[in-house]
Amino acid sequence: MLNIIWPAFIIISVIYALISGNIENVSNGIFDSANSAVQLTLTFFGTICLWNGIMEIAKKTSLTKALKPFINFLFPELKNNKQAQDEISMNMVANLLGLGNAATPLGLKAMKTMQQDNPKKDTLTNSMAMFIVINTASLQLIPTNVIAIRSSLGSNSPSGIIIQVWFATIIAGIVGITSAKLLMKKF
């Protein structure tokens, strides 16, 4: 559907610009947008490189081990699956650091590992459902991507949203985890 809507918007905009005599503004806007896209891409690339390096360090340290009690509480079915616990830990660390780009492949890997032990391949296990809830809430201590975007767009205070992000993600996490735990007992 979007592959119809966006081209239609673009065509209508160009036709309107031609009729109203603003085609120069359209061409300037195209080049300005391309320039902004390249700058944003470079900012993201640098940020991703930095934090992926930090994730490699986290993988080799005891940072993921600190999450073990929390993971045992949230995923009691996985107490004997060290690989799934490690992958979930890495995903959680990536999310805590605000690295959605790094967290996504780690999350997919964790889901694939949990699916291997799933007796009903067409149904989510409780652990898989909880993992989806936690990833959706995406508790973040450092909203790296948002700060990078705000910085690249010239914000005076790119990190000025940290408290609001903490509040929103903590509330989302508490509500999501509580709801999932209650529903798991019921169903």
Side-chain angles (χ1 to χ4, degrees), residues 1-59 87-112 114-115 124 128-177 179-180:
M1 184 69 176
L2 288 177
N3 59 349
I4 295 170
I5 293 172
W6 284 111
F9 281 157
I10 292 169
I11 292 168
I12 291 168
S13 299
V14 170
I15 291 171
Y16 181 76
L18 281 169
I19 292 170
S20 65
N22 289 325
I23 196 68
E24 187 177 323
N25 291 339
V26 171
S27 63
N28 289 340
I30 290 170
F31 291 114
D32 289 344
S33 295
N35 184 33
S36 295
V38 169
Q39 288 178 349
L40 183 61
T41 301
L42 290 175
T43 301
F44 269 142
F45 181 71
T47 304
I48 289 169
C49 287
L50 168 73
W51 288 106
N52 279 339
I54 291 173
M55 289 301 299
E56 284 300 313
I57 293 169
K59 188 187 294 185
E87 291 169 356
I88 289 169
S89 294
M90 289 303 297
N91 174 270
M92 288 178 144
V93 169
N95 275 326
L96 285 170
L97 296 175
L99 303 173
N101 296 335
T104 300
L106 293 167
L108 292 172
K109 191 174 179 183
M111 285 297 275
K112 187 175 180 181
M114 287 187 276
Q115 181 67 1
L124 291 176
M128 293 167 90
M130 179 63 77
F131 187 63
I132 291 170
V133 167
I134 289 169
N135 271 285
T136 303
S138 185
L139 181 62
Q140 296 183 18
L141 296 178
I142 306 168
T144 309
N145 289 340
V146 176
I147 291 171
I149 291 169
R150 288 172 53 96
S151 177
S152 72
L153 295 174
S155 173
N156 291 333
S157 177
S159 61
I161 49 107
I162 289 179
I163 301 297
Q164 294 87 339
V165 168
W166 289 349
F167 181 75
T169 60
I170 288 170
I171 296 298
I174 291 170
V175 169
I177 290 168
S179 299

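Remember, it's a predicted structure, so these values are computed and weren't measured experimentally.
- Checking each of L42, T41, N35 against Q39 for a side chain to side chain contact (heavy atoms under 4.5 Å, CB included) leaves exactly one that passes, namely N35.
- Here the side chains of N91 and K109 are not in contact, with every heavy-atom distance at 4.5 Å or above.
- For the atom pair CZ (F31) and CG (N28), the distance works out to 8.5 Å, reported to the nearest 0.5 Å.
- Under a cut-off of 6.0 angstrom, the local environment of CD in Q164 is crowded, with over 12 non-hydrogen atoms contributed by other residues, nucleotides or ligands.
- A distance of 12.0 Å separates CG in N135 from CE in M130, rounded to the nearest 0.5 Å.
- Between S33 and I30, every side-chain heavy-atom pair lies at or beyond the 4.5 Å cut-off.
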Check against side-chain contact (heavy atoms from CB on, under 4.5 Å), I134 and M92: CA-CA 8 Å; I134 289 169; M92 288 178 144; 3.8 Å; yes

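- One finds the CG atom of N25 at 12.5 Å from the OG atom of S13 (value rounded to the nearest 0.5 Å).
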Verdict with supporting geometry, I149 and L40, side-chain contact (heavy atoms from CB on, under 4.5 Å): CA-CA 7 Å; I149 291 169; L40 183 61; 4.0 Å; yes

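- In plain terms, the two heavy atoms of A180 and V133 that are nearest each other are CB-CG2, 4.2 Å.
- The OG atom of S179 sits 11.5 Å away from the CD1 atom of I174 when rounded to the nearest 0.5 Å.
- For the pair F131 and G107, the tightest heavy-atom approach, listed with the atom from each and the gap, is CE2-O, 3.5 Å.
- Between the side chain of S151 and the backbone N or O of I147, no donor-acceptor pair lies under 3.5 Å.
- Considering every non-hydrogen atom in both A172 and A137, the closest pair reads C-CB, 3.8 Å.
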side-chain contact (heavy atoms from CB on, under 4.5 Å) between N95 and L139, worked out: CA-CA 6 Å; N95 275 326; L139 181 62; over 6 Å; no

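- Expressed to the nearest 0.5 Å, how far OG of S157 lies from CZ of R150 amounts to 6.0 Å.
- Counting only heavy atoms from C-beta outward, the side chains of I171 and F167 approach each other to under 4.5 Å.
- Atom CE of M111 is separated from atom CG of L124 by 5.5 Å, given to the nearest 0.5 angstrom.
- Minimum interatomic distance between I132 and T136 (heavy atoms only, all atoms of both residues): O-OG1, 2.7 Å.
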Worked check of side-chain contact (heavy atoms from CB on, under 4.5 Å) between I162 and L141: CA-CA 8 Å; I162 289 179; L141 296 178; over 6 Å; no

